[in-house]
Amino acid sequence: MVKQLLRLMTELSSHRWLSRLMGAFSHSRLSRFLIPVFIRTYHIPAAEAEKPSGEYHTLNEFFSRRLKPGMRLVADGADVVASPVDALITAMGEIHSGTIMNVKGQDYLLEELLNHSPHMELYKKGFFFVLYLSPTDYHRIHAPLTGRKIESDYIRGRAYPVNEFGMRHMKSVLSRNERLITYIAGANGEAAVVKVGAMNVSSIHYSDAEADQWQIGEDLAYFEFGSTVVLLLENGTFTPQPGLTSETKVKMGELLGTLRRPG
């Protein structure tokens, strides 16, 4: 029964009333009794967490846990792009005339994903990664490059599942769910970190709402329950790291590629 409840919470629902109910429970003190079961069910490496599991007061607090210092190595260099999350790369490649092609059998228009932001012009011939965070993964999001915040855009949306079933069988999930987008300008180009919510009301939060610049690998934001990050790199600036493909598992801080200004 407990495992079924946990799976229900992570499989998600688009209905706001159920989302609120699940969110309220995951924030309640009662939910802390599910933490050991959650760890066992999803084989979570709890030893990486900054605190022992018994010191977390709610399931949500454990889910959005920080890691002990040094648990992730972060790529270094002025021109590098690092993975912002622990995740599975479910799709990656060049963006064709403003269209992200074949993400679990569906194409996505940048104008819809970015909610018609003027920034979309910078990415119409850029590069993208779709990074899926499973319940097993660490759920904080870090800066993929060193730079300053150009803009932040919150888009209220639904809470459709972003798992395999949801991505294949529901239309345009990434463009319809709640999103928090951070546009970061680095020395050699801009990146858009599109954080796509999947459970609970207001499920994506900045770690420091006042921060306006980050070093690569610094804490940027966190999910309260699992989801996906779409990382966009500016037109003509990005070279991916050889060997990366769809279905590659990456850790936060792992090198994804390099940014260099054309010419």
Side-chain angles (χ1 to χ4, degrees), residues 6-7 9-12 38-46 48-49 62-65 67 71-75 80-95 100-108 113 127-145 159-170 172-181 191-199 203-204 217 219-233 238 240-257:
L6 286 171
R7 291 193 183 280
M9 294 175 70
T10 53
E11 291 299 324
L12 319 178
F38 189 83
I39 291 170
R40 291 195 301 272
T41 300
Y42 292 109
H43 308 289
I44 293 170
E48 294 184 347
F62 175 74
F63 197 89
S64 57
R65 65 196 176 277
L67 299 182
M71 293 307 300
R72 297 290 182 272
L73 297 177
V74 178
V80 306
V81 176
S83 176
V85 286
D86 287 5
L88 179 71
I89 300 174
T90 56
M92 59 177 283
E94 296 179 354
I95 301 170
I100 295 174
M101 307 290 288
N102 193 25
V103 180
K104 296 296 181 182
Q106 298 190 49
D107 296 340
Y108 283 84
L113 179 69
F127 200 94
F128 78 94
F129 289 92
V130 178
L131 303 160
Y132 169 67
L133 290 77
S134 73
T136 302
D137 291 318
Y138 164 63
H139 272 72
R140 298 190 83 89
I141 305 126
H142 295 250
L145 73 167
Y160 291 111
V162 293
N163 58 11
E164 180 79 14
F165 177 86
M167 292 291 289
R168 286 197 180 278
H169 299 287
M170 300 175 119
S172 303
V173 168
L174 300 179
S175 298
R176 298 170 70 192
N177 277 18
E178 173 194 28
R179 301 185 297 291
L180 178 62
I181 305 173
V193 186
V194 184
K195 298 162 287 293
V196 183
M199 189 173 190
S203 61
I204 318 163
D219 201 355
L220 174 65
Y222 60 92
F223 288 119
E224 290 196 338
F225 264 89
S227 197
T228 290
V229 170
V230 181
L231 178 63
L232 307 176
L233 291 315
F238 183 72
Q241 178 73 353
L244 290 179
T245 63
S246 296
E247 305 306 313
T248 298
K249 186 76 176 176
V250 293
K251 294 289 189 182
M252 189 283 289
E254 188 172 331
L255 181 64
L256 295 181

Under a 4.5 Å cut-off applied to non-hydrogen side-chain atoms, are [X] and [Y] in contact?
X	Y	result
Ile181	Leu113	no
Val193	Pro144	yes
Leu131	Met252	no
Glu254	Leu256	no
Val250	Leu244	yes
Val81	Leu231	yes

So, using salt bridge (charged side-chain N to carboxylate O under 4.0 Å, His left out) as the criterion, who are the partners of [X] when residues are at least two apart?
X	value
Glu94	none
Arg65	none
Asp219	Arg66, Arg140

Which pair of heavy atoms, one from [X] and one from [Y], lies closest together, and at what distance?
X	Y	result
Ala75	Ala82	CB-CB, 4.4 Å
Val74	Gly217	CG1-CA, 3.9 Å
Ile204	Gly197	CD1-N, 3.4 Å
Phe63	Pro135	CE1-O, 4.3 Å

[atom1]-[atom2] distance between [X] and [Y], expressed to the nearest 0.5 angstrom:
X	Y	atom1	atom2	answer
Leu88	Lys249	CG	NZ	6.0 Å
Glu247	Thr90	CD	OG1	7.0 Å
Ile141	Leu180	CD1	CG	8.0 Å
Phe128	Ile100	CZ	CD1	6.0 Å
Lys104	Leu174	NZ	CG	11.5 Å

(request) Sequence neighbours left out, what passes ring-ring contact (aromatic ring centres under 6.0 Å, His included) with Phe129? Give chain and number order. (result) Phe127, Phe238

(request) For the pair Phe62 and Phe38, name the ring-plane relationship: parallel under 30°, tilted 30 to 60°, perpendicular over 60°. (result) perpendicular

(message) Any side-chain to backbone donor/acceptor pair from Asp107 onto Asn102? Under 3.5 Å, distance only.
(response) yes

(message) Asp137 vs His139, test: side-chain contact (heavy atoms from CB on, under 4.5 Å). Steps then yes/no.
(response) CA-CA 6 Å; Asp137 291 318; His139 272 72; 4.2 Å; yes

(request) Could you tell me which residues satisfy side-chain contact (heavy atoms from CB on, under 4.5 Å) with Leu67, sequence neighbours excluded, listed by chain and number? (result) Glu48, Met71, Arg72, Tyr138

(message) With side-chain contact (heavy atoms from CB on, under 4.5 Å) as the test, pick out the partner of Tyr108 among Val173, Val230, Ile95.
(response) Val173

(request) Mind checking side chain to side chain donor-acceptor pair (under 3.5 Å) for Thr136 and listing every partner two or more places apart, or none if nothing turns up? (result) none

